[in-house]
Amino acid sequence: QTPNNEDTEKESIRCLTTLGHFGFECLPYQLVSKSMRQGFSFNILCVGETGIGKSTLINALFNTNLKDNKSSHFYPNVGLIVQTYDLQESNVQLKLTVVKTVGYGDQTNKEGSYQPIIDYIDAQFEAYLQEELKIKRSFKYHDTRIHVCLYFISPTGHSLKSLDLLTMKNIDRKVNIIPLIAKADTVSKNDLQKFKSKIMSELISNGIQIYQFPTDDETIGQTNSSMNGMLPFAVVGSTDEVKVGKRMVRGRHYPWGVLQVENENHCDFVKLQDMLLCMNMEDLKEQTHIHLYECYRHRKLQRMGFTDVGPDNQPISFQEIYEAKRLEFYDQCQREEEELKKRFMQQVKDREIAFKDAEKELQDKFEHLKSIQQEEIMKLEEEKRQLEEEMTDFSKTKAVCETLQTQACTNIKKD
Ligand code: GDP
């Protein structure tokens with residue numbers, strides 16, 4: 001085609017303006033109304049020492065008073081309390097699951113303190129995987145996978161404890177960690193900045209991955225990026241309302257003044273609330289599903305023998321793997337059956353030999369006893385014969401004596 005031809009063709013194409021609309025511009029609204037109908041769910045794990053302020057902070061975050069018993073310092077092991085609440089704000093429903101550690105950091109030997117936490121996170125992944133693998137899946141399944149772990153750091157002002165490092169190192173590939181400096185009202189402003197830097201450098205030098213607020217979103221990227229630089233958030237919790245001027249605010253009342261929880265100059269509570277609930281809750285859920293759960297699923301399926309490529313590096317389908325596994329299993333069953341049969345036959349043979357040996361032994365014993373008995377009989381018969389001979393001799397002697405006696409008597413009478 002010559003350029004001239006192209007130009008004429010372009011001119012001949014008519015452009016029509018749309019009359020009315022097609023309707024797919026409304027797709028986001030469909031999603032919104034569906035989500036509103038279904039409600040949302042969010043699962044938070046709070047890890048921190050007993051009395052560090054976990055319950056108070058959760059209550060403050062959700063502006064509620066979630067019933068909770070004071071935890072004791074005398075648990076022999078670390079445990080987890082799981083509580084699920086149905087919350088509502090305007091017409092948005094939220095099924096909130098809060099999992100809190102109990103007895104964390106209270107034992108003298110802290111070696112296995114993080115294990116119950118790992119086990120719990122894995123158990124939720126496993127439950128989800130099992131649900132996914134079911135033939136008949138429940139579409140009302142309550143997904144209990146942990147979306148975020150709020151890790152409460154003691155406000156020591158020095159550095160992280162070895163338990164903090166150990167726990168975070170062991171869970172950072174399984175859950176989104178947001179580190180928090182708890183009870184930040186107990187650390188001065190200057191010390192707090194130094195403490196934050198120290199914590200971050202310790203996390204980096206120990207290769208611990210914490211959750212980063214996503215920066216690739218045009219609308220919230222910039223805010224998220226500046227918030228990433230403010231981690232760990234220094235938070236203060238309170239469920240009390242105190243009077244400041246003419247207003248009632250959530251805060252903590254001290255002899256020297258009032259700490260306002262929701263005042264950004266006093267602490268990072270609002271930053272946490274915004275980042276966690278208003279801006280990044282969906283991202284936390286997405287990261288949990290597409291990265292953390294995916295890793296668990298990948299490892300688990302691989303351990304079960306599933307793979308995406310065969311030994312020749314060619315793609316292999318689930319069906320092929322299943323067939324191969326089935327054959328492998330069938331072969332294994334056959335081998336085991338053969339093995340069992342062999343073992344059984346060997347046992348039968350061994351028993352037969354043992355029976356034969358026992359029978360022979362009994363026969364020998366019988367022969368031996370029989371020969372002894374025969375000897376006894378012969379001995380007795382010999383004795384009997386001797387006795388009979390003796391009896392015959394005796395009878396003969398007796399008869400002779402009687403004859404002699406009779407003769408003697410006759411002779412006396414004659415005389
Ligand atoms: P949990 O065992 O970690 O759940 O701790 P709680 O939330 O039950 O808090 C234990 C105590 O610490 C309570 O008396 C709270 O009032 C207090 N507390 C909670 N948060 C803060 C805080 O940010 N600063 C101070 N100073 N005290 C707090």
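Throughout, numbering of the chain's residues begins at 1 and tracks the sequence. As the structure lists them, so they are numbered: ligands from 1, and atoms in each ligand from 1.
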Polar contacts were defined as any N/O atom of the residue lying under 3.5 Å from an N/O atom of the ligand; does this apply to [X] and ligand 1?
X    : answer
A184 : no
T50  : no
V235 : no

[X] neighbourhood, listing ligand 1 atoms whose heavy-atom distance to it stays under 4.0 Å:
X    : value
E49  : 3 (O)
S55  : 4 (O), 7 (O)
V236 : 23 (O)
Y254 : 26 (N)

Tell me which part of D185 gets within contact of ligand 1: side chain, backbone, both or neither, using heavy atoms under 4.0 Å.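 Under 4.0 Å from ligand 1, D185 contributes side-chain atoms alone.
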
For ligand 1, does R252 get within less than 4.0 Å through its side chain, its backbone, both, or neither, judged by non-hydrogen atoms?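 Side chain only.
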
Got a donor-acceptor contact below 3.5 angstrom from the H147 side chain to the F42 backbone?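 Not confirmed, H147 side chain does not pair with F42 backbone.
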
Could you state the interatomic distance from CZ (F233) to CG (L150), rounded to the nearest 0.5 Å?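 Here the rounded value is 10.5 Å.
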
Find the distance between CD1 (I171) and CD1 (I117) and round it off to the nearest 0.5 Å.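 Answer for the CD1-CD1 pair, I171 versus I117, is 6.0 Å.
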
Within the structure, is a non-hydrogen atom of G48 found at a distance of less than 4.0 Å from ligand 1?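 Per 4.0 Å heavy-atom rule, G48 does not contact ligand 1.
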
Against Q332, only a single residue in R335, E328, E336 fulfils side chain to side chain donor-acceptor pair (under 3.5 Å); can you say which?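 In the set R335, E328, E336, the residue that makes a side chain to side chain donor-acceptor pair (under 3.5 Å) with Q332 is E336.
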
Check [Y] with [X], please: is the shortest side-chain N to carboxylate O separation under 4.0 Å?
X    : Y    : answer
D268 : K196 : yes
R385 : E382 : yes
K134 : E131 : yes

Specify the closest pair of heavy atoms between E202 and L165, including all atoms of both residues, with the distance to one decimal.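 Answer, listing the atom of E202 first, then L165: O-CD2, 4.3 Å.
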
So between G51, C46, A234, A60, whose heavy atom ends up nearest atom 10 (C) of ligand 1?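 Considering heavy atoms of G51, C46, A234, A60, the nearest to atom 10 (C) of ligand 1 sits in G51.
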
For atom 6 (P) of ligand 1, tell me which residue out of V261, I58, I81, T56 has the closest non-hydrogen atom.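 The residue whose heavy atom sits nearest atom 6 (P) of ligand 1 is T56.
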
